[in-house]
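Any value given below was found using the heavy atoms of this structure, including those in side chains, with hydrogens, waters and symmetry copies removed. Chain A is the first sequence line, chain B the second, and so forth, proteins listed ahead of strands; every chain is numbered from 1.
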Protein chains: 2
Amino acid sequence: MQSRTPASRTGRPRSAAADTAILAATREALVELGWSKLTLGDVATRAGVAKTTLYRRWAGKNELVVDAVAELFDELELPDRGSLAADIEGVVLQFAAILARPEAKSGLMAVVAEATRDEALRERVRASIVDRQMRLVLEGRARAQCRGELPPEPDPGESARTVDLIFDVVAGAVVHRTLVSGKPADGDWVRSFTRLLLLGLASQPAESGDERA
Amino acid sequence: MQSRTPASRTGRPRSAAADTAILAATREALVELGWSKLTLGDVATRAGVAKTTLYRRWAGKNELVVDAVAELFDELELPDRGSLAADIEGVVLQFAAILARPEAKSGLMAVVAEATRDEALRERVRASIVDRQMRLVLEGRARAQCRGELPPEPDPGESARTVDLIFDVVAGAVVHRTLVSGKPADGDWVRSFTRLLLLGLASQPAESGDERA
DNA sequence: GAGCTTTCGCTACGACCCGTAGCGTAATGC
DNA sequence: GCATTACGCTACGGGTCGTAGCGAAAGCTC
């Protein structure tokens, strides 16, 4: 999570209950106050710990919120629904449901904004949230290839680029729909989006050099 | 911009130079300090105006940054490059170039995050940034339909939904690529993305009710 | 149990920023 | 000239920040 645990050290161990209480209090404060009005003193009071305890474990507001929000995305799964289209729709709907929660909305975007000026924070976001969910894309593609819905990829480099592209398109579209456009990513929208993505994906023999009309 | 101008009133008029100086100073402060460390007092000093002048024109940090960032997107254009693919690639590259600038990165995402908890701010973002650029999608589709690259839309409601979908996919993907994944939206990426989008778009007879594989 | 180590809760502190009020002055229109 | 509004400046109470210092508590090792 936030700090190294160098095996078992001597001395009084850190309270694991405090960690969960602090992260829960952070999400609660995000819901009630939003990012800008959230103060570490308030979070400490909600969690029932001293402010100094909070500062011993997290460097600041950014790092704390990253960890608090990252836990929200751990519940994402990719249930096998029998077809690539159904799998995508399922996971996109899950993703949209998480993003609809107020603690995810205000927390995630604010952290991303701060990360643009903080290399360490950007790496923390990538490790805690992005990379952890990239597995969904990989798993979904592997399934689709087993079913014959997608062709096997020949070039591993091209394969990695395609995964990155899909992840950016899926996550970006849902986030933009939910947070910027402010409209719900409901069943109808997800179906339209999935159709768009699948048709583009089915015949994707693309590489760098290509013809332009 | 930020306040009503009820025709010509009596009294000393507001300095237009102060407006541009303040917005430029805001962008400069965004580059050097980022969102969280930007203070209105600092912006006032940079712009050479009194802090009270700033508060007379903008309600707070959020509204100020929205206006400062919105100006960045006014330079977007849709030059006619002869094909839908080339048009899309051109505008996406322009969009990516703007998003690559540090004042856009930290400012835009922070404002979007704040807007999740502030209905008035969300409306301001939509009016100042989102809707102003939606014209690009409309114009691009109209051109493509004249060229015969896209079928004419029968249902106006479906047509509007498709425009919304495309806008969310394009803007969302570029933003996610640039800000979350932290990788540049360069020529190669834009070509791959455009291919994906076009293939999905070409055969899009979708409506709500549909078959699932 | 004795002793060591680390964490915990608490209090207090200077530093900074916020947003506003009050004042005298400057720039317009009538 | 006069009313009206914007401007620059100063000052203020209120809040948050991040840290330091203290004694007490909770583990581990011997």
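- Contact between the side-chain N/O atoms of A/T53 and the OP1/OP2 oxygens of C/dG9 is found at a separation under 4.0 Å.
- Between the side chains of B/E75 and B/Q94, no donor-acceptor pair of N or O atoms lies under 3.5 Å.
- Between the P atom of C/dA15 and the NZ atom of B/K37 lies a distance of 19 Å, rounded to the nearest Å.
- Comparing B/G11 and A/D42 against DNA chain D, the residue whose closest nucleotide sits nearer the 5' end is B/G11.
- If you check distances only, the side chain of A/T52 does reach the base of C/dC10 with a donor-acceptor pair under 3.5 Å.
- Taking 3.5 Å as the limit, the base of C/dT7 and the side chain of A/R12 contain a donor-acceptor pair of atoms between them.
- The CD-P distance, from B/E63 to C/dC18, rounds to 14 Å in whole Å.
- B/R122 places a side-chain N or O within donor-acceptor distance of the main-chain N or O of B/A115, the cut-off being under 3.5 Å.
- The closest donor-acceptor contact from the side chain of A/K61 to the backbone of A/W35 lies under 3.5 Å.
- Note: B/F73 and B/F95 have tilted aromatic rings, judged against thresholds of 30 and 60 degrees for the angle between ring planes.
- When the C1' atom of C/dG19 is taken as reference, atom CH2 of B/W58 falls 17 Å away, rounded to whole Å.
- The side chain of B/R57 has D/dA6 as its nearest neighbour among C/dG29, D/dA6, C/dT5.
- A donor and an acceptor atom sit less than 3.5 Å apart, one in the side chain of A/R56 and one in the base of C/dG9.
- Closest contact between the side chain of B/V49 and the listed nucleotides C/dC18, D/dT4, D/dG8 involves D/dG8.
- When the P atom of D/dT16 is taken as reference, atom CG of A/L54 falls 15 Å away, rounded to whole Å.
- Side-chain proximity of B/A50 to the nucleotides C/dG19, D/dG8, C/dC17 is greatest for D/dG8.
- Rounded to whole Å, atom P of D/dA6 lies 5 Å from atom CZ of B/R14.
- One atom, OH of A/Y55, and another, P of C/dT7, lie 18 Å apart when rounded to the nearest Å.
- The side chain of B/P13 lies closest to C/dA27 when the candidates are C/dA27, D/dT16, D/dG18.
- For the residue pair B/T162 / B/R141, no side-chain donor-acceptor distance below 3.5 Å is found, with atom types taken as modelled.
- In the interface, the side chain of B/K51 is paired with the base of C/dG19 through a donor and an acceptor atom under 3.5 Å apart.
- In this entry the distance linking NZ of A/K61 with C1' of C/dC17 reads 13 Å, nearest Å.
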